[in-house]
Amino acid sequence: MKLAKLLLLVFLGTCVSAQVPTSGKEVDAVYSDAHALYLDLHEHPELSAHENQTATKLAGRLRSLGYDVTEHVGGTGVVAILKNGPGPTIMLRTELDALPVEEKTGLPYASKVHAKDDAGHDVPVMHACGHDLHMASIVGTAAIMAHSKDTWHGTLMLIGQPAEETISGAKKMLEDGLFQRFPKPDVGVALHVSNAFPAGKVGVGSGDRYANADSVRVTIYGKGGHGSAPHTTIDPIVIAATTILSLQTIVSREVKPGETAVVTVGYVSAGLKNNIIPDQAELGLTIRTFKPEIRKQILAAVARIVKAEAEAGGATREPLIEHYESTDAVYNEPALAQRLRGPLEAALGKENVMDGEPITGSEDYSYFIEQGVPSFYFGLGGAEPRAYAQAKEAGTHLPSNHSSLFAPDVDPALRTGIAAEVAVLRNLLQGSAEELRKSIGGK
Ligand SMILES: [Zn+2]
Ligand SMILES: [Zn+2]
């Protein structure tokens, strides 16, 4: 009895230190199924918060693999749990939604889907951000993890999050009790495909990954009248024009050189006819930052400039400034990024693990981090390697995410996504939850 106990302890000790690397054979075994799902999802995309068929497909696959699946979490959200003894709880997240973009890739499986958006307009729909690849990858990963329960222990929590593109799905899942109805994870993991790297590679970095994003709407109030008699009016279009130019001095003149900050006026809306001076003008801004103090500085500068330009233009009423949407930066726990680099190198080859740079895009994955879930968010290469090399040589850019031409090089990107996710999960699903939390400096 005593000897058996001792042997068991030795065995468990070995399990903790020696991670089973993802083998090419394991990925091969699940690839054709994951690839078929990818083609299906790509051809049948759905808009944010309307991912009904998508969620059903994902839930069905995960259920058939033995996961305990709950649907309709925060709208169309899916939560799939696989328990495998004591140990940490690790969450892996994929998004479900596509975009109102007309696909122009010319691929045989290109989307021809049209749908009604929330405003009732008929719009084309395309998986132009690669969330279809993330879903296919998570299903491949789910299969490998379900078939190799001797290589890990703990609780695996896979989530399919709706409405990432409208920065609302993560919040909705949390409001629907994601971390109360289901276990709160010790660590969260997510990936995103892009053309920043060639397919076959991943990008890893620590600290800030995605920026704080703030959406601001400005309404400037003038006094309309005849285009031939500007002296009887207060022209909000001229005030809007000077405001736009002055806003561009915030980053160039007020923010310390070297700090990351973006102020973009993405739309200007005013007037209907050339000989009418309108009553008001509207500007739509997006502001991107990493540091909270820079974020505060910029938002204050926007308000100051908008008010001062309106006053300088003789506006009779103070402009309306609405901060209508925001999301925080996605932050990679440095200890996690450091810990997971090795297993990724072992699974993919050292040359295939690159340094990922922070980007000024935004992601509502940050809502999970805000709940106190230390996280590891990494980049997945999507670019066809030869096209990537040629673009680099020529100093040009391949189509970015959200482009009508965005088309990841599915094989090897999907294989790499699966191999990387399995490597990361197997590494984290070892030892106890306490040990894991301690190793990343948590409570
Ligand atoms: Zn996107
Ligand atoms: Zn995306």
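Because the structure is a prediction, the values reported are computed rather than measured.
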Trainee: Less than 4.5 Å apart, any side-chain heavy atom of Thr289 and any of Val255?
Mentor: no

Trainee: Quick one: CG on Leu405 to OG on Ser400, what's the gap to the nearest 0.5 Å?
Mentor: 10.0 Å

Trainee: Taking Gln280 for the side chain and Pro236 for the main chain, is one N or O donor matched with an acceptor at less than 3.5 Å?
Mentor: no

Trainee: Could you walk me through whether His131 and Leu96 pass the side-chain contact (heavy atoms from CB on, under 4.5 Å) test, one step at a time?
Mentor: CA-CA 6 Å; His131 299 172; Leu96 304 175; over 6 Å; no

Trainee: Testing the basics here: between Pro45 and Val125, what is the closest heavy-atom pair and its distance to 0.1 Å?
Mentor: CG-O, 3.4 Å

Trainee: Is any side-chain heavy atom of Arg339 less than 4.5 Å from a side-chain heavy atom of Asn427?
Mentor: yes

Trainee: If you take all heavy atoms of Ile237 and Asp235, which pair is closest and at what distance?
Mentor: N-OD1, 2.8 Å

Trainee: Return yes if some donor-acceptor pair links the side-chain N/O of Tyr388 with the main-chain N/O of Gly381 below 3.5 Å, else return no.
Mentor: no

Trainee: What is the distance from atom CG of Leu247 to atom CD1 of Ile305, rounded to the nearest 0.5 Å?
Mentor: 5.5 Å

Trainee: Under a 3.5 Å cutoff, is there a donor and acceptor pairing between the side chains of Tyr267 and Glu282?
Mentor: yes

Trainee: Any idea which heavy atoms bring His323 and Ser326 closest together, and the distance?
Mentor: NE2-CB, 3.9 Å

Trainee: Specify the closest pair of heavy atoms between Thr141 and Leu425, including all atoms of both residues, with the distance to one decimal.
Mentor: CG2-CD1, 3.6 Å

Trainee: Can you tell me how the ring of Phe368 sits relative to the ring of Phe179, calling it parallel under 30°, perpendicular over 60° and tilted otherwise?
Mentor: tilted

Trainee: Can you find a heavy atom in the side chain of Leu58 that is under 4.5 Å from one in the side chain of Glu51?
Mentor: no

Trainee: State, with a plain yes or no, whether a side-chain heavy atom of Ser206 is found less than 4.5 Å away from one of Gln338.
Mentor: no

Trainee: Within the 4.5 Å heavy-atom criterion, are Glu175 and Tyr367 side-chain neighbours or not?
Mentor: no

Trainee: List the residues meeting ring pair (Phe, Tyr, Trp, His ring centres under 6.0 Å) with Tyr210, not counting sequence neighbours, and say none if there are none.
Mentor: Tyr377

Trainee: Is a donor from one side chain sitting under 3.5 angstrom from an acceptor on the other, for Glu309 and Thr243?
Mentor: no

Trainee: Could you check if a side-chain atom of Val373 sits within less than 4.5 angstrom of a side-chain atom of Lys184, using non-hydrogen atoms only?
Mentor: yes

Trainee: Please step through side-chain contact (heavy atoms from CB on, under 4.5 Å) for the pair Gln371 and Leu178, ending with a clear verdict.
Mentor: CA-CA 11 Å; Gln371 295 297 308; Leu178 178 64; over 6 Å; no

Trainee: Inspect the contact between Arg386 and Asp409 and indicate whether a charged nitrogen and a carboxylate oxygen are less than 4.0 angstrom apart.
Mentor: no

Trainee: For Glu165 and Ala98, which heavy atoms make the closest approach, and how far apart are they?
Mentor: CG-O, 4.3 Å

Trainee: Test side-chain contact (heavy atoms from CB on, under 4.5 Å) on Glu333 and Val187; report intermediate values, then the result.
Mentor: CA-CA 10 Å; Glu333 207 57 48; Val187 167; over 6 Å; no

Trainee: Quick check against the 3.5 Å criterion: does Glu393 have a side-chain atom that pairs as donor or acceptor with the backbone of Ala391?
Mentor: no

Trainee: I need the minimum non-hydrogen distance between Thr155 and Pro183, along with the two atoms involved.
Mentor: CG2-CG, 4.4 Å

Trainee: Using a 4.5 Å cut-off on heavy atoms from C-beta on, say whether the side chain of Met135 contacts that of His127.
Mentor: yes

Trainee: Does a salt bridge link Glu293 with Lys256, judged by any charged N lying under 4.0 Å from a carboxylate O?
Mentor: no

Trainee: With side-chain contact (heavy atoms from CB on, under 4.5 Å) as the criterion, how do Val123 and Leu47 come out once you've worked through the C-alpha distance, each side chain's angles and the decisive distance to 0.1 Å?
Mentor: CA-CA 10 Å; Val123 291; Leu47 290 172; 3.8 Å; yes

Trainee: Measuring from atom CZ of Phe376 to atom CG of Leu92, what distance do you get when rounded to the nearest 0.5 angstrom?
Mentor: 11.5 Å

Trainee: Give a yes or no answer on whether the side chain of Asp97 reaches the backbone of Pro162 with a donor-acceptor pair at less than 3.5 Å.
Mentor: no

Trainee: Is the shortest side-chain N to carboxylate O distance from Glu46 to Lys57 below 4.0 Å?
Mentor: no

Trainee: Any heavy-atom pair between the side chains of Glu164 and His134 that's under 4.5 Å?
Mentor: no

Trainee: Is Glu259 atom CD crowded by more than 12 heavy atoms from other residues, nucleotides or ligands, each under 6.0 Å away?
Mentor: yes

Trainee: Determine whether a donor-acceptor pair (N or O, by modelled atom type, separation under 3.5 Å) exists between the side chain of Asp186 and the backbone of Thr89.
Mentor: yes

Trainee: Tell me whether Arg295 contacts the main-chain N or O of Asp214 through its side chain, where contact means a donor paired with an acceptor under 3.5 Å.
Mentor: no

Trainee: Is any side-chain N of the basic residue among Asp355 and Arg341 closer than 4.0 Å to the acidic one's carboxylate O?
Mentor: yes

Trainee: I'd like to know if the side chain of Asp208 and the backbone of Pro358 have a donor-acceptor N/O pair within less than 3.5 Å.
Mentor: no

Trainee: Please check this pair: side chain of His44 against backbone of Asp40, looking for a donor-acceptor N/O pair closer than 3.5 Å.
Mentor: yes

Trainee: Using modelled atom types and a 3.5 Å cut-off, is there a donor and acceptor pairing between side-chain atoms of Asn212 and backbone atoms of Phe290?
Mentor: yes

Trainee: Which value, rounded to the nearest 0.5 Å, describes the distance between Ser403 atom OG and Glu103 atom CD?
Mentor: 10.0 Å

Trainee: With sequence neighbours left out, write down each residue that passes side chain to side chain contact (heavy atoms under 4.5 Å, CB included) with Pro408, or none if nothing qualifies.
Mentor: Tyr38, Val193, Phe406

Trainee: CG/Asp328 to CD/Glu363 distance, rounded to the nearest 0.5 angstrom?
Mentor: 12.5 Å

Trainee: So that I can tick it off, tell me whether Lys172 and Asp364 are bridged by a salt bridge, with the cut-off set at under 4.0 angstrom between side-chain N and carboxylate O.
Mentor: no

Trainee: What's the verdict on salt bridge (Lys or Arg N to Asp or Glu O under 4.0 Å) for Glu370 and Lys171, showing C-alpha distance, side-chain angles and the deciding distance?
Mentor: CA-CA 11 Å; Glu370 262 170 49; Lys171 200 165 162 234; over 6 Å; no

Trainee: Would you compute the distance between atom NE2 of His50 and atom CG of Asp118 and round it to the nearest 0.5 angstrom?
Mentor: 4.0 Å

Trainee: With no hydrogens and no angle check, is any side-chain donor or acceptor of Thr264 less than 3.5 Å from a backbone partner on Gly266?
Mentor: no

Trainee: Taking the inter-plane angle between the rings of Tyr31 and His35 on a 0 to 90° scale, is it parallel (under 30°), tilted (30 to 60°) or perpendicular (over 60°)?
Mentor: parallel

